[in-house]
Amino acid sequence: MTWSEMEPLLEQACWDTLYMVGWSAVIAVVGGLPLGVLLVLTDRGGVLQNVVVNKVIGQIVNIARSMPFIILMVALISFTRAIVGTTIGPEAAIVPLAIGAIPFYARLVETSVREVDGGLVEAVQAMGGSTWTVVRKVLLPESLPALISSATTTIVALIGYSAMAGTVGAGGLGDLAVRYGYLRFETKLMWITVAILAVVIAIIQFAGDLAARGLSHRGRSSAAPRLIPRGGPSRAGKPASAPEPEAAPAEIELVEPTKVP
(Lines give C-alpha, C1' and ligand atoms only; values in the text may rest on other atoms or scores of the structure.)
Protein backbone atom coordinates (compact mmCIF):
# COMPACT_ATOMS: atom_id res chain seq x y z
CA MET A 1 0.00 0.00 0.00
CA THR A 2 1.43 3.36 -1.04
CA TRP A 3 1.46 6.52 1.07
CA SER A 4 -1.19 8.16 -1.13
CA GLU A 5 -3.49 5.25 -0.28
CA MET A 6 -2.66 5.27 3.41
CA GLU A 7 -2.93 9.03 3.97
CA PRO A 8 -6.75 9.41 3.76
CA LEU A 9 -7.21 6.31 5.92
CA LEU A 10 -4.84 7.61 8.57
CA GLU A 11 -6.39 11.08 8.53
CA GLN A 12 -9.92 9.75 9.04
CA ALA A 13 -8.76 7.32 11.72
CA CYS A 14 -6.99 10.09 13.63
CA TRP A 15 -10.08 12.30 13.61
CA ASP A 16 -12.26 9.41 14.76
CA THR A 17 -9.90 8.67 17.64
CA LEU A 18 -9.69 12.31 18.73
CA TYR A 19 -13.48 12.61 18.50
CA MET A 20 -14.06 9.55 20.69
CA VAL A 21 -11.40 10.40 23.23
CA GLY A 22 -12.30 14.10 23.41
CA TRP A 23 -15.98 13.64 24.19
CA SER A 24 -15.33 10.69 26.49
CA ALA A 25 -12.77 12.71 28.46
CA VAL A 26 -15.19 15.62 28.90
CA ILE A 27 -17.95 13.31 30.14
CA ALA A 28 -15.52 11.47 32.41
CA VAL A 29 -14.35 14.71 34.06
CA VAL A 30 -17.88 16.07 34.44
CA GLY A 31 -19.09 12.80 35.96
CA GLY A 32 -16.00 11.70 37.85
CA LEU A 33 -15.09 14.98 39.54
CA PRO A 34 -18.23 15.33 41.72
CA LEU A 35 -18.22 11.58 42.36
CA GLY A 36 -14.65 11.64 43.64
CA VAL A 37 -15.30 14.71 45.81
CA LEU A 38 -18.42 13.05 47.22
CA LEU A 39 -16.38 10.00 48.19
CA VAL A 40 -14.11 12.26 50.26
CA LEU A 41 -16.91 14.31 51.82
CA THR A 42 -18.91 11.26 52.93
CA ASP A 43 -15.94 9.32 54.32
CA ARG A 44 -15.20 9.06 58.04
CA GLY A 45 -14.25 12.50 59.33
CA GLY A 46 -15.54 14.17 56.17
CA VAL A 47 -17.70 17.25 56.00
CA LEU A 48 -20.75 15.15 55.03
CA GLN A 49 -19.79 11.98 56.89
CA ASN A 50 -22.12 9.15 55.88
CA VAL A 51 -20.54 5.72 56.01
CA VAL A 52 -23.44 3.95 54.28
CA VAL A 53 -23.50 6.29 51.30
CA ASN A 54 -19.71 6.19 51.06
CA LYS A 55 -19.61 2.38 51.05
CA VAL A 56 -22.36 2.10 48.43
CA ILE A 57 -20.72 4.60 46.08
CA GLY A 58 -17.32 3.04 46.68
CA GLN A 59 -18.54 -0.45 45.81
CA ILE A 60 -20.22 0.77 42.62
CA VAL A 61 -17.00 2.50 41.57
CA ASN A 62 -14.94 -0.59 42.37
CA ILE A 63 -17.19 -2.90 40.36
CA ALA A 64 -17.18 -0.56 37.36
CA ARG A 65 -13.39 -0.23 37.49
CA SER A 66 -12.80 -3.97 37.78
CA MET A 67 -14.78 -4.84 34.65
CA PRO A 68 -12.60 -5.32 31.52
CA PHE A 69 -13.41 -2.74 28.90
CA ILE A 70 -14.18 -5.23 26.14
CA ILE A 71 -16.75 -6.92 28.41
CA LEU A 72 -18.18 -3.54 29.37
CA MET A 73 -18.70 -2.69 25.70
CA VAL A 74 -20.62 -5.92 25.11
CA ALA A 75 -22.68 -5.48 28.29
CA LEU A 76 -23.68 -1.93 27.26
CA ILE A 77 -24.77 -2.79 23.70
CA SER A 78 -28.48 -2.36 24.44
CA PHE A 79 -27.87 0.82 26.44
CA THR A 80 -25.65 2.23 23.71
CA ARG A 81 -28.26 1.53 21.05
CA ALA A 82 -30.91 3.26 23.17
CA ILE A 83 -28.70 6.35 23.63
CA VAL A 84 -27.22 6.90 20.15
CA GLY A 85 -29.30 4.56 17.98
CA THR A 86 -26.39 2.38 16.84
CA THR A 87 -23.69 0.10 18.24
CA ILE A 88 -20.93 0.80 15.72
CA GLY A 89 -18.96 3.91 14.85
CA PRO A 90 -17.28 6.60 16.96
CA GLU A 91 -20.56 7.89 18.43
CA ALA A 92 -21.43 4.46 19.79
CA ALA A 93 -17.97 4.03 21.28
CA ILE A 94 -18.29 7.22 23.33
CA VAL A 95 -20.92 5.64 25.60
CA PRO A 96 -18.85 2.71 26.96
CA LEU A 97 -15.68 4.82 26.91
CA ALA A 98 -17.26 7.48 29.11
CA ILE A 99 -18.92 5.00 31.46
CA GLY A 100 -15.66 3.12 31.87
CA ALA A 101 -13.64 6.31 32.47
CA ILE A 102 -15.95 7.95 35.04
CA PRO A 103 -15.13 5.58 37.94
CA PHE A 104 -11.48 5.54 36.89
CA TYR A 105 -11.23 9.32 37.13
CA ALA A 106 -13.37 9.41 40.29
CA ARG A 107 -10.81 7.32 42.18
CA LEU A 108 -8.00 9.57 40.98
CA VAL A 109 -9.96 12.63 42.10
CA GLU A 110 -10.54 11.03 45.50
CA THR A 111 -6.82 10.43 45.93
CA SER A 112 -5.99 14.00 44.87
CA VAL A 113 -8.54 15.67 47.15
CA ARG A 114 -7.46 13.60 50.17
CA GLU A 115 -4.03 15.22 49.96
CA VAL A 116 -5.47 18.65 50.82
CA ASP A 117 -4.48 19.86 54.30
CA GLY A 118 -7.36 19.23 56.68
CA GLY A 119 -6.44 22.35 58.63
CA LEU A 120 -7.62 24.54 55.78
CA VAL A 121 -10.99 22.80 55.77
CA GLU A 122 -11.33 23.24 59.52
CA ALA A 123 -10.45 26.93 59.24
CA VAL A 124 -13.18 27.57 56.67
CA GLN A 125 -15.71 25.63 58.74
CA ALA A 126 -14.72 27.58 61.87
CA MET A 127 -15.55 30.81 60.04
CA GLY A 128 -18.98 29.50 59.10
CA GLY A 129 -18.19 28.29 55.60
CA SER A 130 -20.70 25.90 54.04
CA THR A 131 -19.89 22.58 52.40
CA TRP A 132 -20.02 24.22 48.97
CA THR A 133 -17.58 26.89 50.19
CA VAL A 134 -15.20 24.22 51.44
CA VAL A 135 -15.30 22.46 48.09
CA ARG A 136 -15.07 25.60 45.95
CA LYS A 137 -12.55 27.58 48.00
CA VAL A 138 -10.32 24.85 49.46
CA LEU A 139 -10.62 21.33 48.07
CA LEU A 140 -10.70 22.07 44.34
CA PRO A 141 -8.18 24.97 44.23
CA GLU A 142 -5.67 23.21 46.48
CA SER A 143 -5.85 19.93 44.55
CA LEU A 144 -6.02 21.47 41.06
CA PRO A 145 -2.50 20.45 39.91
CA ALA A 146 -3.17 16.85 40.98
CA LEU A 147 -6.58 16.95 39.26
CA ILE A 148 -4.93 18.06 36.02
CA SER A 149 -2.46 15.19 36.25
CA SER A 150 -5.32 12.78 36.93
CA ALA A 151 -7.20 14.04 33.88
CA THR A 152 -4.07 13.53 31.79
CA THR A 153 -3.78 9.95 33.02
CA THR A 154 -7.44 9.36 32.19
CA ILE A 155 -7.07 10.71 28.65
CA VAL A 156 -4.06 8.49 28.02
CA ALA A 157 -6.04 5.48 29.26
CA LEU A 158 -8.95 6.47 27.01
CA ILE A 159 -6.68 6.41 23.98
CA GLY A 160 -5.85 2.81 24.78
CA TYR A 161 -9.53 2.01 25.30
CA SER A 162 -10.41 3.66 21.98
CA ALA A 163 -7.92 1.44 20.17
CA MET A 164 -9.60 -1.55 21.78
CA ALA A 165 -13.01 -0.24 20.78
CA GLY A 166 -11.81 -0.04 17.19
CA THR A 167 -11.55 -3.82 17.09
CA VAL A 168 -15.34 -4.11 17.35
CA GLY A 169 -16.27 -1.54 14.72
CA ALA A 170 -15.85 1.76 16.51
CA GLY A 171 -13.40 3.15 13.96
CA GLY A 172 -10.28 5.07 14.76
CA LEU A 173 -6.65 4.06 14.76
CA GLY A 174 -7.31 0.73 16.47
CA ASP A 175 -9.77 -0.30 13.79
CA LEU A 176 -7.33 0.75 11.07
CA ALA A 177 -4.48 -1.24 12.61
CA VAL A 178 -6.59 -4.39 12.85
CA ARG A 179 -8.37 -4.24 9.49
CA TYR A 180 -5.36 -3.27 7.41
CA GLY A 181 -2.29 -3.92 9.51
CA TYR A 182 -3.32 -7.32 10.85
CA LEU A 183 -5.98 -8.83 8.60
CA ARG A 184 -4.43 -7.58 5.34
CA PHE A 185 -0.81 -7.96 6.46
CA GLU A 186 -0.03 -4.27 5.91
CA THR A 187 2.77 -4.22 8.46
CA LYS A 188 3.98 -0.79 7.43
CA LEU A 189 0.57 0.77 8.05
CA MET A 190 0.30 -0.93 11.42
CA TRP A 191 3.62 0.47 12.60
CA ILE A 192 2.70 3.94 11.37
CA THR A 193 -0.48 3.68 13.43
CA VAL A 194 1.54 2.67 16.48
CA ALA A 195 3.88 5.63 15.94
CA ILE A 196 0.97 8.06 15.66
CA LEU A 197 -0.53 6.77 18.91
CA ALA A 198 2.82 7.12 20.65
CA VAL A 199 3.23 10.72 19.45
CA VAL A 200 -0.32 11.68 20.46
CA ILE A 201 0.15 10.21 23.93
CA ALA A 202 3.50 11.96 24.35
CA ILE A 203 1.99 15.33 23.40
CA ILE A 204 -0.95 14.93 25.76
CA GLN A 205 1.30 13.83 28.62
CA PHE A 206 3.67 16.74 28.05
CA ALA A 207 0.82 19.27 27.96
CA GLY A 208 -0.75 17.83 31.10
CA ASP A 209 2.53 17.81 33.01
CA LEU A 210 3.27 21.37 31.90
CA ALA A 211 -0.14 22.61 33.05
CA ALA A 212 0.10 20.83 36.40
CA ARG A 213 3.63 22.13 36.99
CA GLY A 214 2.59 25.69 36.16
CA LEU A 215 -0.38 25.59 38.53
CA SER A 216 1.79 24.09 41.27
CA HIS A 217 4.41 26.83 40.94
CA ARG A 218 1.76 29.52 40.92
CA GLY A 219 0.28 28.12 44.11
CA ARG A 220 3.66 28.10 45.86
CA SER A 221 4.34 31.71 44.84
CA SER A 222 1.32 32.96 46.78
CA ALA A 223 1.58 34.16 50.32
CA ALA A 224 -0.17 32.18 53.01
CA PRO A 225 -3.74 33.27 53.88
CA ARG A 226 -3.95 35.58 56.89
CA LEU A 227 -6.70 36.72 59.20
CA ILE A 228 -7.07 40.43 59.88
CA PRO A 229 -9.70 42.45 61.71
CA ARG A 230 -12.52 43.70 59.49
CA GLY A 231 -11.81 47.27 58.46
CA GLY A 232 -8.16 46.68 57.48
CA PRO A 233 -4.80 46.62 59.25
CA SER A 234 -3.74 49.30 61.72
CA ARG A 235 -2.06 52.45 60.50
CA ALA A 236 1.71 52.83 60.08
CA GLY A 237 2.11 49.07 60.22
CA LYS A 238 1.60 49.08 64.03
CA PRO A 239 -0.46 46.37 65.68
CA ALA A 240 -4.01 47.31 66.40
CA SER A 241 -4.71 48.32 69.99
CA ALA A 242 -6.76 45.98 72.15
CA PRO A 243 -10.46 46.82 72.29
CA GLU A 244 -11.98 48.35 75.37
CA PRO A 245 -13.53 45.85 77.76
CA GLU A 246 -17.05 46.95 76.86
CA ALA A 247 -16.43 46.92 73.09
CA ALA A 248 -17.64 44.03 70.92
CA PRO A 249 -14.92 41.70 69.62
CA ALA A 250 -13.62 42.49 66.13
CA GLU A 251 -15.03 40.40 63.31
CA ILE A 252 -12.60 38.26 61.39
CA GLU A 253 -12.52 37.81 57.64
CA LEU A 254 -10.36 35.65 55.40
CA VAL A 255 -8.11 37.66 53.10
CA GLU A 256 -7.20 36.09 49.76
CA PRO A 257 -3.48 35.37 49.32
CA THR A 258 -1.48 38.11 47.62
CA LYS A 259 0.01 37.04 44.31
CA VAL A 260 3.78 37.46 44.07
CA PRO A 261 4.67 38.98 40.65
Side-chain angles (χ1 to χ4, degrees), residues 1-33 36 65 68-70 72-73 89-91 93-112 115 143-182 184 186-220:
M1 181 179 289
T2 63
W3 173 253
S4 60
E5 295 173 326
M6 290 189 293
E7 184 177 7
L9 297 175
L10 290 169
E11 183 178 352
Q12 183 61 45
C14 287
W15 281 114
D16 288 344
T17 296
L18 294 176
Y19 177 77
M20 289 186 290
V21 172
W23 279 108
S24 301
V26 171
I27 298 173
V29 170
V30 172
L33 182 60
R65 286 185 60 202
F69 180 69
I70 192 68
L72 181 65
M73 288 190 64
E91 291 81 7
I94 291 175
V95 177
L97 283 172
I99 293 177
I102 286 175
F104 180 82
Y105 185 63
R107 280 302 186 190
L108 295 178
V109 170
E110 180 187 11
T111 303
S112 301
E115 296 176 358
S143 62
L144 188 56
L147 293 177
I148 295 295
S149 297
S150 300
T152 304
T153 303
T154 303
I155 294 174
V156 171
L158 280 171
I159 293 176
Y161 290 163
S162 69
M164 192 183 304
T167 63
V168 291
L173 292 170
D175 175 62
L176 183 65
V178 170
R179 283 195 297 116
Y180 288 88
Y182 178 71
R184 300 187 184 184
E186 294 288 348
T187 308
K188 181 179 178 180
L189 178 61
M190 183 174 64
W191 283 111
I192 292 176
T193 302
V194 172
I196 292 175
L197 286 172
V199 171
V200 171
I201 290 175
I203 292 174
I204 292 174
Q205 189 66 56
F206 175 78
D209 292 344
L210 186 64
R213 194 179 303 116
L215 290 172
S216 179
H217 289 169
R218 187 177 67 178
R220 286 198 295 268

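Residues Val194 and Trp191 meet the side-chain proximity criterion, which asks for heavy atoms closer than 4.5 Å.
Contact record, Ser112 with Leu147: CB-CD2, 4.0 Å, taken as the closest heavy-atom pair. Ala93 approaches Met20 most closely through the heavy-atom pair CB-SD, 3.4 Å. Smallest separation of non-hydrogen atoms from Ala13 and Leu176: CB-CD2, 3.9 Å. Contact between Ile102 and Ala28 at its shortest, heavy atoms only, is CG1-CA, 3.7 Å. Across all their heavy atoms, Cys14 and Ile196 have their closest contact at SG-CG2, 3.8 Å. Ser162 approaches Val21 most closely through the heavy-atom pair OG-CG2, 3.8 Å.
For the atom pair CG (Leu97) and CG (Leu72), the distance works out to 9.0 Å, reported to the nearest 0.5 Å. Rounding to the nearest 0.5 angstrom, the gap separating the CE atom in Met6 from the CD atom in Glu186 is 8.0 Å. A distance of 6.0 Å separates CZ in Phe104 from OH in Tyr161, rounded to the nearest 0.5 Å. In this structure, CZ in Phe206 is found 12.0 Å from OG1 in Thr152, a value given to the nearest 0.5 Å. One finds the CD1 atom of Ile27 at 14.5 Å from the OH atom of Tyr105 (value rounded to the nearest 0.5 Å). Rounded to the nearest 0.5 Å, atoms CD (Gln205) and OG1 (Thr153) are 6.0 Å apart.
Residues satisfying the salt bridge (Lys or Arg N to Asp or Glu O under 4.0 Å) criterion with Glu91, sequence neighbours excluded, are absent altogether.
Of the possible donor and acceptor atoms, one in the side chain of Thr17 sits under 3.5 Å from a partner among the backbone N and O of Leu173. In this structure, Thr193 contributes its side chain and Leu189 its backbone to a donor-acceptor pair below 3.5 Å.
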